[in-house]
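Reading through the C-alpha cells given below for one structure.
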There are 2 protein chains.
Amino acid sequence: MTVTIRDVARASGVHVSTVSRTFSAPHMVNAATRSRVLTVAEELGYRPNRAARALTTGRTHNLGLIVADIANPFFPPLIKAAHAAARQRDYHLFVADTDEEPAAEEELIQAFSKQVDGVVLCSPRSSNKALERLAERVPFVVINRRLRGAATVLMDVGHGARLAVEHLAGLGHRRVALVAGPAGSWTSDEIRAAAGQVPGVELTVIGPNAPTERGGFAAAERVRESGVTGVLAYNDLVAIGLIEGLADLGLEVPGDVSVVGIDDIVPGRLNRPKLTTVAMPTAAAGRLAVDLLIQEVAATTSLETRLVVRDSTAAPR
Amino acid sequence: MTVTIRDVARASGVHVSTVSRTFSAPHMVNAATRSRVLTVAEELGYRPNRAARALTTGRTHNLGLIVADIANPFFPPLIKAAHAAARQRDYHLFVADTDEEPAAEEELIQAFSKQVDGVVLCSPRSSNKALERLAERVPFVVINRRLRGAATVLMDVGHGARLAVEHLAGLGHRRVALVAGPAGSWTSDEIRAAAGQVPGVELTVIGPNAPTERGGFAAAERVRESGVTGVLAYNDLVAIGLIEGLADLGLEVPGDVSVVGIDDIVPGRLNRPKLTTVAMPTAAAGRLAVDLLIQEVAATTSLETRLVVRDSTAAPR
DNA sequence: ATGAAAGCGCTAACAT
DNA sequence: ATGTTAGCGCTTTCAT
C-alpha cells in the first residue's frame, strides 16, 4: 500500500536506479525520462522514504535541538528560528526538553545519535568532559557555552550588561545593584564582571538568587535596604518579580527605582511598566546554530546583544 | 566506526538474530546469552539504529507535532507536555511551525509521513477536506478542531467563558462586554454563544478584533464607550492589551473595570494586575494527543477548562 | 534457544 | 543515459 521506488519504476518502464536518480541526482537523467518518472510518481503519490535513504547515504536530513525547558519564554523564539532555518534547507527538527536535568542531555544525545546529522545543544548543564565525549558520537553545536572542539554560538551578555549599566549611569544613577543569578552560572559571572567596570557607578551585588520571578520578588527587600536607585537584574523574569516585590514595599518603577532586565522575553514586553532590557539574539543564535551544523563548520561565534530602552528606567528622583 | 549489530554478534560469538532478539524480544533469548550480549554491546557502545529498525518493522517510534507558531505563548506548554509524554514511551518528537500558513500544514505532514508513526496537529487552518485527504497518508490527532474520522482533542472554551461571565455576575457586574476575536474563529463563536447565556447579565459584543495585544489595546475606547463594568476578552493577549489601553484612558483594572482573559498564558500570570483567566488545559491536551496517537485510539475528547481568579477582577464601584 | 536467509526502500558503484 | 548488483542495519520467518 505504501508506494515505493519499485512501483514507480515498474509503472514508468524504467529501472529503480533511474527513479532514484530522478530524485537525488536529476541532472544525470534524460529530461524526457525524468519528466515521465516524475509524472508517474506524482500519480502514484510516491514520496521518497527518507529513513531508507539515510541508511545508504548516512545522512538523515534530521537535526536535534535540545533545550532545558521548552516552556521557558527564553527558548521558543530560538526554537522557532532554528526550525525555520532547518526547514529552509529541507531538514526536519527533533526538539527535546531536558527539564533542567543534566543527565537527560546525555541520554537524549545518545538516543538521537543515529537519527540525526547533528544536534544543537542550548545552555548545556553537563560537564565539559561529558560533552567532549558525546561529541565523538554526533556532531553538535553548543549555544551559550564555550567548548573546545565543538562549534559554539555565544551571546555577548557581558557587553549587554555593560550597556545597561551605562544607560543607568547616563540617566544619572550613581548607585546601582546587580540582582545576580544562581551561584555557578557562567552568565551571571559574565554579567557581574562587565557590569562592575562602568566608571562612576558603584555596583552592589545582591544574590545569588533563583533565576525566576520568585527570585526577583524575594530580592526586593534587599534592594530597598541597599539604597540604590537603579538595578540590573539577572534576567527579565527576575526583573519582573523584583518590580512586583518593590511595588509591595511601596516603591515605584521607574519613579523610585529603575530596573533593567536581560533577555527580552515576551512577558517583559507586555509587562507594565514595559521592561527596559538587554535583548539576547536568541533567534539569530538558533538560526546560526542550525546553519553551522548543516554546513559542518566548526566556528566560534559571538553574537552582539543590544539594549532596548522601554519604560522601566528613568532618571533618579 | 559506527558499531552495528554485526559487530556485537561477532564479538559475543552469536548470530545477529540473537543480538537483535536481545534488544527487541529479550524473553526469547537465554538469560546467560542475553547478559553476555548486553555486556559486549555495552563495551562496544552499541546502540540500535532506529531508522534501520523502522525499515523492517514499519514503526519509526517518531511522532510529529505541528503548531501554528512556536513562539506564541499558548503553545510551548503544549509542546513540552507532548514531548514529555512521547519521551516516556520512548518516542522522539519532530516539532514544526507553520508560521500560520495553512499550506505549510499539508506540506509538513507529507514530509513527515514516512518518518513518523503519527502527527499531532494543533488548531489546524486547513480545510476539513484537505485534512481528511491527509489522514489517509498518516494517522493523526487534531487538537482544537472537530474532524470526523480523526482522533480529536477539544478544550471546552464555551464552558470556561460561561464560568468567567458567571464570576463577573457573582461579583455584581450586570453589564459585561465580550471583546471578541477575529471573524470566522471557531473559538470566538463558541465563547460568544456561551457567554451570552448567563442570566442577569447584559452582554455587549465588541469586535471582531485581532487576537493580539494590539487588538485589545485598540478596543479600549469602545469598551469605555459601552459603559460596561466587566469584560471577557478573547484571550489573554487581548486582555493584557486592553488593560493597557484602559490605563491610557485613565481607567483602572480592576477598580474601574474588571477584565478576564482566556488561555492562562505565562505573561498573564506575570502581568500587573495578575490576570483572572480561563485556564486552557494545553498541557493535558498535548499529553493526551500523544497518548491517543501511540495507542492508535480514535476518540473524541473534550477537556474541561477552569476559571483562575487572580487580581484583574473585583466588584464594580 | 539459536542460526540462516530474505528483504524493508533506497543509493552507489560498476557495467553497458 | 540507463541497467545491474550489492549492500546500509535491522527484523523476521523458517529451520534446526
Side-chain angles (χ1 to χ4, degrees), chain A residues 1-38 40-41 44-62 90 110-117 137-138, chain B residues 1-38 40-41 44-62 90 110-117 137-138:
Chain A
M1 72 202 59
T2 160
V3 18
T4 80
I5 205 173
R6 206 124 36 199
D7 302 318
V8 179
R10 201 169 318 144
S12 47
V14 298
H15 249 260
V16 289
S17 43
T18 305
V19 178
S20 171
R21 281 189 277 259
T22 309
F23 287 93
S24 38
H27 59 277
M28 297 190 87
V29 36
N30 185 300
T33 333
R34 191 198 319 159
S35 82
R36 182 154 38 92
V37 171
L38 253 19
V40 173
L44 263 41
Y46 168 76
R47 318 233 76 191
N49 181 327
R50 287 168 158 240
R53 175 180 291 177
L55 210 49
T56 49
T57 59
R59 325 222 72 225
T60 61
H61 260 238
N62 290 152
D90 196 29
Q110 300 268 19
F112 278 162
S113 65
K114 292 295 195 322
Q115 229 172 158
V116 300
D117 296 338
R137 293 200 151 269
V138 53
Chain B
M1 73 202 63
T2 161
V3 20
T4 80
I5 204 174
R6 205 127 30 205
D7 302 318
V8 179
R10 203 170 316 142
S12 48
V14 297
H15 242 260
V16 289
S17 39
T18 305
V19 178
S20 172
R21 281 190 276 258
T22 306
F23 287 94
S24 39
H27 59 278
M28 298 189 86
V29 36
N30 184 299
T33 335
R34 190 198 318 157
S35 81
R36 183 155 38 95
V37 171
L38 252 20
V40 172
L44 264 42
Y46 168 76
R47 320 232 75 194
N49 181 327
R50 289 169 159 240
R53 175 181 291 176
L55 210 50
T56 48
T57 60
R59 327 222 71 223
T60 61
H61 260 237
N62 290 152
D90 197 30
Q110 300 268 18
F112 278 161
S113 65
K114 291 297 197 319
Q115 227 170 162
V116 301
D117 296 337
R137 293 200 151 269
V138 52

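Just so we're on the same page: letters track the sequence lines, and every chain starts at 1. This one's a predicted model, so the numbers in the text were calculated from it and none came from an experiment.
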Rounded to the nearest Å, what distance is computed from the CG atom of residue B:L55 to the C1' atom of nucleotide D:dG7? 12 Å

Does the side chain of A:V29 reach to within under 4.5 Å of the side chain of A:T18, using non-hydrogen atoms? yes

Check: B:S24 side chain, B:S20 main-chain N or O, donor-acceptor pair, under 3.5 Å: yes

Separation of atom CZ in A:R59 from atom P in C:dA12, rounded to whole Å: 12 Å

Proximal nucleotide (of C:dA12, D:dC10, C:dG9) relative to the B:T56 side chain: D:dC10

Using whole Å, what does the distance between atom P of nucleotide D:dG9 and atom CG of B:D7 come to? 9 Å

To the nearest Å, give me how far apart CZ (A:R53) and P (C:dT11) are. 4 Å

Whether A:R6 contacts C:dC8 is assessed here as follows: a side-chain N or O lying under 4.0 Å from the phosphate OP1 or OP2. Is that the case? yes

Specify the residues of residues 15-35 of chain A, ordered by number, for which at least one heavy atom lies under 4.0 angstrom from an atom of DNA chain C. A:S17, A:S20, A:R21, A:S24

Among B:I5, B:D7, B:V40, whose side chain to side chain contact (heavy atoms under 4.5 Å, CB included) with B:Y46 holds? B:I5

Quick one: A:H61 NE2 to C:dC10 P, roughly how many Å, whole number? 16 Å

Contacts of type salt bridge (Lys or Arg N to Asp or Glu O under 4.0 Å), residue B:R59, not counting sequence neighbours: B:E296

Spacing between B:N49 atom CG and D:dT11 atom P, to the nearest angstrom: 9 Å

For A:R36 and D:dA1, give me the distance from atom CZ to atom C1', rounded to whole Å. 12 Å

Please examine the side chains of A:R50 and A:D90, heavy atoms only from C-beta on, and report whether any two atoms are closer than 4.5 Å. yes

Without swapping roles, check the side chain of A:R36 against the backbone of A:S12 for a donor-acceptor pair under 3.5 Å. yes

With respect to the side chain of B:V14, which nucleotide from C:dG3, C:dG9, D:dC10 is positioned closest? C:dG3

